[in-house]
Structure formats: C-alpha cells, structure tokens
A.B. asks: 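Would you mind keeping the following structure in view while I ask a few things?
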Amino acid sequence: NLIVLVARATPNCNHWLPTREYSMVKQYIAAFGKDAIPANLIIRLSAMYPDQPVKIPASLQGIKGITASNVHTAKPIGEACKAPEQSGACLDCRACWTDTVISYALH
C-alpha cells in the first residue's frame, strides 16, 4: 500500500515495481479493487525461473498496471531488454514503465 501511496503522491513520475510477491499483489487487489493501481505504476510479476514464462494468476489477469518480467538464456519471452546492447543503460528506452512483457537476459 505504501508504494501505491508514493506513486499517487508523484503523479508526474512513472514507477515500476518488479516483484515475486504475487500473493501480496493478490491481497492488495482483493482489498482495494481492480482499479486500485495508479496509472503511473506498473507492477511486474517477475519470473521464478529462467526460460519459463511468468504465469499471471487468474485473479490478476487483465488488471491494468499488472504485467510480467521474464528471464531468458537464449530466446526472449516478450520484448528483450535493450540495456545489454546499450552498455547496461536504459538510455531512452522506457518499456519497463509500460505494460509490455519484458524479457531480461540472464546475467
């Protein structure tokens, strides 16, 4: 809840939250509703294992602001993160702040 309060307090700043705490996200949605995630916050449910896509729980599917982050060793599962090709920097890429499924190379 505190992270959501920070996002609401900073409406001109986009935030993204990578997490494996699926149950905490489920609890938050159950308590505050499917529209409780501010438009400037993306919650990325992180992969548990490389090369296995995130399975977004049914209770969280289709909720605006919830997406996935995968990890790959060879072929990306979603849009490949551009940072490895940019000396480890995001530069002008802002894909992580969108609902696009991102795939990070295992490192």
Side-chain angles (χ1 to χ4, degrees):
N1 191 24
L2 294 176
I3 292 170
V4 169
L5 294 176
V6 168
R8 286 190 180 136
T10 55
N12 295 322
C13 181
N14 290 325
H15 304 270
W16 65 279
L17 171 67
T19 185
R20 287 187 178 162
E21 298 294 338
Y22 295 23
S23 63
M24 289 180 73
V25 177
K26 284 183 188 181
Q27 289 172 0
Y28 180 82
I29 295 300
F32 297 100
K34 294 184 176 192
D35 296 323
I37 300 171
N40 64 331
L41 173 63
I42 293 295
I43 298 173
R44 294 192 159 280
L45 301 179
S46 300
M48 298 295 179
Y49 304 101
D51 298 319
Q52 293 184 25
V54 168
K55 293 179 184 162
I56 296 178
S59 61
L60 298 177
Q61 290 178 8
I63 296 176
K64 187 166 174 50
I66 296 178
T67 190
S69 293
N70 294 303
V71 177
H72 65 275
T73 57
K75 183 180 176 190
I77 307 166
E79 183 176 324
C81 173
K82 296 176 184 175
E85 300 164 4
Q86 302 177 151
S87 299
C90 297
L91 299 180
D92 63 350
C93 180
R94 293 294 175 265
C96 289
W97 288 268
T98 71
D99 61 2
T100 301
V101 174
I102 303 294
S103 191
Y104 302 96
L106 183 65
H107 58 280

A.B. asks: Just how far is it from atom OG of Ser46 to atom CD of Glu21, taken to the nearest 0.5 Å?
C.D. replies: 10.0 Å
A.B. asks: Please go through Tyr49's hydrophobic cluster and name the other residues, only I, L, V, M, F, W, Y counting, with side-chain heavy atoms under 4.5 Å joining them.
C.D. replies: Ile3, Val4, Leu17, Tyr22, Val25, Tyr28, Ile29, Phe32, Ile37, Leu41, Ile43, Leu45, Met48, Val54, Ile56, Leu60, Ile63, Ile66
A.B. asks: Mind checking the NZ-CG spacing from Lys75 to Asp51? Nearest 0.5 Å is all I need.
C.D. replies: 11.0 Å
A.B. asks: Is it the case that the side chain of Ser103 and the backbone of Ile77 share a donor-acceptor pair, with hydrogens and angles ignored and the cut-off at 3.5 Å?
C.D. replies: yes
A.B. asks: Under a 3.5 Å distance rule, please check whether Asn40 uses its side chain to pair with a backbone N or O of Ala7 as donor and acceptor.
C.D. replies: yes
A.B. asks: Which atom pairs, one a donor and one an acceptor, fall under 3.5 Å between side chains of residues 79-90 and the rest of the protein, sequence neighbours left out?
C.D. replies:
{"from": "Gln86", "atom 1": "NE2", "to": "Ala89", "atom 2": "O", "distance (Å)": "3.0"}
{"from": "Gln86", "atom 1": "NE2", "to": "Cys90", "atom 2": "O", "distance (Å)": "3.1"}

A.B. asks: Can you name the closest pair of heavy atoms from Pro38 and Arg8 and give their distance?
C.D. replies: CG-CG, 3.7 Å
A.B. asks: Taking all atoms of both residues into account, what is the closest heavy-atom pair of Arg20 and Ala47, and its distance?
C.D. replies: NE-O, 3.0 Å
A.B. asks: Test question: given the 4.5 Å side-chain rule for I, L, V, M, F, W and Y, name all other residues clustered with Leu2, or answer none.
C.D. replies: Leu5
A.B. asks: Heavy atoms only: give me the nearest Trp97-Cys93 pair and the separation to one decimal.
C.D. replies: CZ3-O, 4.0 Å
A.B. asks: Is Arg44 reaching over with its side chain to a backbone N or O of Cys96, donor-acceptor style, under 3.5 angstrom?
C.D. replies: yes
A.B. asks: CG of Asn1: more than 12 outside heavy atoms within 6.0 angstrom?
C.D. replies: yes
A.B. asks: Just how far is it from atom CG of Asn14 to atom CZ of Arg94, taken to the nearest 0.5 Å?
C.D. replies: 9.0 Å
A.B. asks: To the nearest 0.5 Å, what is the distance between OG1 on Thr73 and NE2 on His107?
C.D. replies: 13.5 Å
A.B. asks: Treating His72 as the side-chain partner and Asn70 as the backbone partner, does any N or O pair qualify as donor plus acceptor under 3.5 Å?
C.D. replies: no
